[in-house]
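Predicted model, so just to flag it, every value in this text is computed and none were measured.
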Amino acid sequence: MRLGSRAATALLALALLPACTPQATAPSDRPVSAVPDGTPTPSHWCTPLPSPGATGEPVPCSPAQASWNAERLSVETEAIAVYERYDAEFEQVLRAGGAEELPPGLVETTHGRFQENLLTSIRSFRRNQVTMVGDPGPLKVAVNRRETQGSGIFLTVCNDDSNVTYRFADGRLGQGAQIHAKVFLDRVDGRLRIHRSQFVDVGTCPLG
């Protein structure tokens with residue numbers, strides 16, 4: 001799971017992998033409903049949400065569908081940006097050898113038990129003097145539209161940390177790996193935040 005996915009490799013090295021179990025979803029103030037019905041009109045066009053077989057070319061749609069399409073794309077773009085911010089902030093903490101408190105960027109992008117586990121993890125890194133060394137591969141993030149929950153957004157996330165090493169103060173080394181995880185975000189206090197994650201696999205990535 002970096003507590004998401006990258007943290008999985010560091011925490012496995014520590015044998016301290018915290019649980020990222022499903023939990024009740026916090027209430028959201030921005031519901032995203034199902035695609036509305038309607039008759040396509042020549043004056044309204046929708047760019048299809050990416051899916052297998054979709055060309056990405058705009059297609060005629062109804063005014064209600066056009067509004068839904070624009071809102072959904074906006075929410076999904078926001079969700080990816082939130083995860084990318086979280087990922088970059090968390091990498092900085094790992095390179096610094098952990099921390100005693102979450103920096104603002106991690107506070108603002110996480111919530112609930114996920115945030116509690118994250119704080120426990122970075123304190124463990126600091127206590128065990130574990131430092132991330134090396135350059136990770138490109139982060140890959142995509143919206144997982146096969147799974148929905150209310151207004152929440154599921155992301156498929158791949159971190160390639162196979163060239164990353166976790167260095168302990170006593171000289172031990174923990175090797176990073178390519179990690180595949182699912183991450184769920186929901187809106188809390190007007191802001192999309194990471195609510196939970198689920199570790200999927202090591203060494204594979206469905207995003208190519």
Side-chain angles (χ1 to χ4, degrees), residues 1-13 17-22 32 47-57 69 72-96 102-103 105-106 108-111 114-115 117-118 121-122 125 130-149 151-166 174-187 191-208:
M1 317 166 239
R2 197 195 237 245
L3 240 129
S5 69
R6 168 165 297 133
T9 55
L11 291 169
L12 284 170
L17 187 65
C20 288
T21 54
V32 179
T47 301
L49 301 178
S51 62
T55 64
E57 294 297 322
N69 186 263
R72 188 66 182 182
L73 286 173
S74 175
V75 172
E76 293 184 352
T77 299
E78 180 186 359
I80 291 173
V82 167
Y83 190 85
E84 289 174 340
R85 181 186 178 194
Y86 157 82
D87 187 82
E89 294 273 355
F90 187 54
E91 181 177 327
Q92 289 183 22
V93 171
L94 291 179
R95 291 191 182 280
L102 294 174
L106 294 182
E108 294 170 2
T109 55
T110 62
H111 176 69
F114 185 94
Q115 188 177 98
N117 288 341
L118 183 61
S121 300
I122 67 170
F125 301 147
V130 182
T131 304
M132 176 184 170
V133 179
D135 297 320
L139 170 68
K140 298 179 180 179
V141 186
V143 176
N144 182 348
R145 297 184 183 87
R146 291 186 299 274
E147 300 186 54
T148 59
Q149 183 173 328
S151 63
I153 300 290
F154 274 95
L155 299 179
T156 296
V157 176
C158 294
N159 291 102
D160 185 359
D161 286 359
S162 54
N163 292 324
V164 168
T165 299
Y166 294 94
Q175 182 60 47
Q178 180 171 267
I179 300 294
H180 167 205
K182 292 192 295 185
V183 178
F184 176 72
L185 298 89
D186 202 2
R187 197 168 294 280
R191 184 192 298 267
L192 276 180
R193 300 172 188 262
I194 300 170
H195 195 59
R196 68 176 184 264
S197 69
Q198 178 184 349
F199 170 76
V200 178
D201 199 8
V202 176
T204 65
C205 177
L207 302 180

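- P103 is listed as a side-chain neighbour of L106, based on a closest heavy-atom distance under 4.5 Å.
- Ring-plane geometry between F90 and Y86 is classed as parallel, the angle between the planes falling under 30 degrees on a 0 to 90 degree scale with a further cut at 60.
- When all heavy atoms of R85 and G105 are compared, the closest pair comes out as NH2-CA, 3.5 Å.
- Once rounded to the nearest 0.5 Å, the distance linking CD1 of I122 with CG of L102 reads 4.5 Å.
- The distance from the CG atom of N144 to the CD atom of E76 is 10.0 Å, given to the nearest 0.5 Å.
- Separating the CZ atom in R196 from the CG atom in L185 is a distance of 10.5 Å, to the nearest 0.5 Å.
- Scanning both residues, V157 and V183, for their nearest heavy atoms gives CG2-CG2, 3.8 Å.
- Annotation: the span from L118 atom CG to T110 atom OG1 amounts to 5.5 Å, rounded to 0.5 Å.
- In plain terms, the two heavy atoms of L139 and C158 that are nearest each other are CD1-O, 3.7 Å.
- Between R95 and G134, the closest heavy-atom pair is NH2-O, 2.5 Å.
- Listed here is the closest heavy atom pair of D161 and P136: OD1-CB, 3.3 Å.
- Contacts of E84 classified as salt bridge (Lys or Arg N to Asp or Glu O under 4.0 Å), with partners at least two apart in sequence or in another chain: none.
- Considering only residues two or more places apart in sequence or on other chains, T165 meets the side chain to side chain contact (heavy atoms under 4.5 Å, CB included) condition with L173, Q175.
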Inset, instruction - Please test R187 against E78 for side-chain contact (heavy atoms from CB on, under 4.5 Å), starting from the C-alpha separation and ending with a verdict. - result: CA-CA 11 Å; R187 197 168 294 280; E78 180 186 359; 2.8 Å; yes
Legend entry - From CA spacing to verdict: side-chain contact (heavy atoms from CB on, under 4.5 Å), Y166, L94: CA-CA 9 Å; Y166 294 94; L94 291 179; 4.1 Å; yes
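- Across all non-hydrogen atoms, the minimal contact from T156 to P206 is CG2-CG, 3.8 Å.
- Note that the OG1 atom of T109 and the CZ atom of R193 stand 8.0 Å from one another [nearest 0.5 Å].
- Checking side-chain atoms of Q198 against main-chain N and O of K182 turns up no donor-acceptor pair under 3.5 Å.
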Inset, instruction - Before giving the answer on side-chain contact (heavy atoms from CB on, under 4.5 Å), spell out for I153 and V143 the whole-Å C-alpha distance, their side-chain angles and the decisive distance to 0.1 Å. - result: CA-CA 7 Å; I153 300 290; V143 176; 4.3 Å; yes
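- Taking the six-membered ring for Trp and thresholds of 30 and 60 degrees, F154 and F184 have ring planes inclined between 30 and 60 degrees apart.
- Atom-to-atom distance recorded for I194:CD1 and H111:NE2 is 12.5 Å, nearest 0.5 angstrom.
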